[in-house]
A.B. asks: 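Mind having a look at this structure? Questions to follow.
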Amino acid sequence: MKRKYKKYAIAGAAALIILLFFVLYGRGGSSSVIQSAKVSVGNVVETVSVTGHVLPVGKADLSFEKSGVVGAINVKVGDHVKKGTVLASLDSSLDRASLASAQAKLADMTRSLRPEEFAADEAKVTSAQVALNNAEQDAINASRQAYVQVQGAINNYADVFFTNPQTINPTITIQTPSQAFQTSINNERITVSGTLSSWKADIDTASSSDLLVRASSYMNSVKVFMSDLSAVVNSLSPGSSGLSQQAINAYLASVNSAMTGLNNAIATVTAAKTGLANASSNLDSAKSQFTLDKARSSPESVAAQSAQVALAQASFDQDSIVSPIDGIVSKASPNIGEFVPAGQAEFGVINDSIYKIEAYVPEADIAKVSISNSAAVTLDAYGPNINFPAKVTNIDPAQTTLEGVPTYKVTLYFDESDSRILSGMTANTEILTHEADNVLYVPYRSVVSGNGSSIVRVLRSDGKNFDGVTVKTGLRGSDGTIEILSGLVLGQSVIVDLKQ
């Protein structure tokens, strides 16, 4: 494989040597047709030609910020408007009312509290305090009532299953699952006696809120004992206990009555807790409202309501579309009474004095273009003989693919305002990218490149024979010329084309 590549490389080098020999030392025969050109002095200009479209520098596509029904349209297409002009508005009756309400509340907050308002707030606080006092007394009464209910449930119904129930040696008299369980439930009965004693002492000393909390704790302790006792009674059967079904039924009735008494006590305490909590909350609320009303003109309260006014104002402002620029109305789509969704462009305003061109330059030419390059622009509407000068103001760094070709958007501004220029016109643009003034140049086709050198065939005085001259080239013009930096002199004839 390497031998094959080497053979091709030698053949290519030989062909290049033959070509250079012909260029440097070739002679034209009698049958040769020579096309030549003179080495001239002038300007070599490089341009990039693109087609773009005219757009307004200032352009605004406008939509309502929220949905609604169009209430008013103040302009039509073609109207000249100033920045800040209201173009259209939605039906704003609800937003106007909300704004007025917020403003009225702010005004009300900045005045002093009237005597009758002061008296009314003070009366609410007094009433709430009385209600709390009553709730606290109700809590004490509820705790006492619950104590009586629980004590009755134990003494009247639970103790029928024990001998010596209120002593330090109570003994359950019915069959239990095991000796250990029997010992446990006897100990629980002793604990219940201690619980009732502590509860009775608390009723005479504790405050209302503490009393309810402790009552709940005491009842939870009793509930453990009652649950265990109920489980024993419910497990009795005539076969295993030696009791008749009638006796078992009587036991079940007793234990159920005990459980009912305990549950009633729990409900009594729970209701008292709820009433006390509500009364306390109502008093706090009445006091807070009284404090707020007395401090209605404080900086904090006024600032909070001012924010509500600003919010209502912002919502009201969203009902209108306002032009952000001076210009001409280019679009006014909806009709009065029509529902329009938020964010849908319904109006447009374009600047009517300054325009720009947007064109897309192919990747192959974009490196030639620079900011501030001058350009000659013709518009299809006025033909190729009317020129509108412009300058490159921006080159988009991001690539845009058009019909599979990588391009870059270039923006140009017209040098002067001109009433003939209108948005949407097609702009044929010649961007002057480089220019060499008063330099030697020849046709680009006269330069032959090879082996890193540029060679021009210079005709001798006989007009038939030529010599190959190595030259140094400069700027390549878009019109088919190329700048000669060295190697030629003005007036020499160079071969452009040579056909045998």
Side-chain angles (χ1 to χ4, degrees), residues 50-96 313-360 375-394 396 400 402 409-430:
V50 286
T51 300
H53 291 89
V54 176
L55 298 171
V57 171
K59 177 183 178 183
D61 292 320
L62 306 172
S63 62
F64 288 105
E65 294 184 59
K66 59 184 180 183
S67 302
V69 176
V70 178
I73 298 176
N74 305 323
V75 296
K76 62 182 181 299
V77 174
D79 283 354
H80 287 261
V81 295
K82 293 291 185 180
K83 179 179 179 180
T85 300
V86 177
L87 307 182
S89 58
L90 301 175
D91 181 358
S92 58
S93 54
L94 290 178
D95 288 334
R96 184 180 291 106
Q313 182 68 58
S315 182
F316 178 74
D317 292 343
Q318 289 177 348
D319 293 330
S320 299
I321 289 181
V322 177
S323 176
I325 59 173
D326 295 344
I328 297 176
V329 177
S330 60
K331 180 181 180 182
S333 299
N335 298 310
I336 293 178
E338 180 180 342
F339 178 84
V340 292
Q344 180 173 300
E346 301 288 354
F347 291 84
V349 178
I350 61 173
N351 190 290
D352 60 345
S353 59
I354 304 175
Y355 290 92
K356 64 182 177 180
I357 300 166
E358 287 186 357
Y360 290 85
V377 180
T378 60
L379 304 174
D380 283 355
Y382 303 113
N385 297 322
I386 300 178
N387 180 60
F388 298 87
K391 279 188 173 58
V392 175
T393 59
N394 186 67
D396 197 331
T400 301
L402 299 178
K409 186 174 77 172
V410 173
T411 303
L412 304 94
Y413 276 48
F414 287 100
D415 289 352
E416 298 177 355
S417 176
D418 193 312
S419 61
R420 294 173 295 178
I421 302 173
L422 299 175
S423 178
M425 286 184 169
T426 300
N428 307 300
T429 307
E430 292 283 338

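No hydrogens, no waters, no symmetry mates; every other heavy atom, side chains included, goes into these values.
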A.B. asks: Output the distance between atom CD (Glu346) and atom NZ (Lys331), rounded to the nearest 0.5 Å.
C.D. replies: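 That separation rounds to 6.5 Å.
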A.B. asks: How far does CG of Leu62 sit from OG of Ser330, to the nearest 0.5 angstrom?
C.D. replies: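 Atom-to-atom, Leu62:CG and Ser330:OG are 8.5 Å apart.
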A.B. asks: With a 3.5 Å distance limit and no angle check, can you tell me whether Ser67 reaches the backbone of Ala342 through a side-chain donor-acceptor pair?
C.D. replies: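 The answer is yes, because a donor-acceptor pair under 3.5 Å joins these two groups.
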A.B. asks: Can you find a heavy atom in the side chain of Pro334 that is under 4.5 Å from one in the side chain of Phe339?
C.D. replies: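 Pro334 does not reach Phe339 side chain to side chain.
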A.B. asks: Does some side-chain heavy atom of Glu65 sit less than 4.5 Å from a side-chain heavy atom of Ile321?
C.D. replies: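 Ile321 does not reach Glu65 side chain to side chain.
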A.B. asks: For Tyr382 and Phe388, take the angle between the two ring planes, folded into 0 to 90°, and tell me which bin it lands in: parallel under 30, tilted 30 to 60, perpendicular over 60.
C.D. replies: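 Rings of Tyr382 and Phe388: tilted, 30 to 60°.
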A.B. asks: Who pairs with Asp380 by side-chain hydrogen bond (donor to acceptor under 3.5 Å, both in side chains), at least two apart in sequence or on another chain?
C.D. replies: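 Partners of Asp380 by the side-chain hydrogen bond (donor to acceptor under 3.5 Å, both in side chains) criterion, ordered by chain and then number, come out as Asn428.
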A.B. asks: With sequence neighbours left out, what residues match Ser323 under side-chain contact (heavy atoms from CB on, under 4.5 Å)?
C.D. replies: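 Expected list: Val81, Leu87, Ile325, Val349.
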A.B. asks: Are side-chain heavy atoms of Val329 and Lys76 found at a separation under 4.5 Å?
C.D. replies: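 Side chain of Val329 against side chain of Lys76, heavy atoms only: no contact under 4.5 Å found.
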A.B. asks: Once rounded to the nearest 0.5 Å, what's the spacing between atom OH of Tyr413 and atom CG of Asn394?
C.D. replies: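 One finds 8.5 Å between OH of Tyr413 and CG of Asn394.
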A.B. asks: Quick one: does Leu90's side chain get under 4.5 Å of Val340's, heavy atoms only?
C.D. replies: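 SC-SC contact between Leu90 and Val340 confirmed.
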A.B. asks: If you define the side chain from C-beta out and look only at heavy atoms, does anything of Phe414 sit under 4.5 Å from Ile357?
C.D. replies: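 Answer yes - side chains close enough.
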A.B. asks: Can you check whether Arg420 reaches Ile386 side chain to side chain, under 4.5 Å on heavy atoms?
C.D. replies: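 The answer is yes; the side chains approach within 4.5 Å.
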A.B. asks: Enter the distance from Gln313:CD to Asp95:CG here, rounded to the nearest 0.5 Å.
C.D. replies: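 Between atom CD of Gln313 and atom CG of Asp95 there are 10.0 Å.
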A.B. asks: Please check this pair: side chain of Thr393 against backbone of Thr411, looking for a donor-acceptor N/O pair closer than 3.5 Å.
C.D. replies: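 Side chain of Thr393 to backbone of Thr411, a donor-acceptor pair under 3.5 Å: yes, one is there.
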A.B. asks: How long is the straight-line distance from OG1 of Thr429 back to NE2 of His53, given to the nearest 0.5 Å?
C.D. replies: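 Reported value, rounded in 0.5 Å steps: 10.5 Å.
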A.B. asks: For Leu422, does the CG atom have more than 12 heavy-atom neighbours from other residues, nucleotides or ligands under 6.0 Å away?
C.D. replies: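 Enclosed: over 12 neighbouring heavy atoms sit under 6.0 Å from CG of Leu422.
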A.B. asks: Just wondering, more than 12 heavy atoms not from Lys83 lying within 6.0 Å of its NZ?
C.D. replies: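 Counting other residues, nucleotides and ligands, NZ of Lys83 stays at 12 neighbours or fewer.
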A.B. asks: Using 0.5 Å steps for rounding, measure from the CZ atom of Arg96 to the OG atom of Ser315.
C.D. replies: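 So the gap between those two atoms works out to 12.0 Å.
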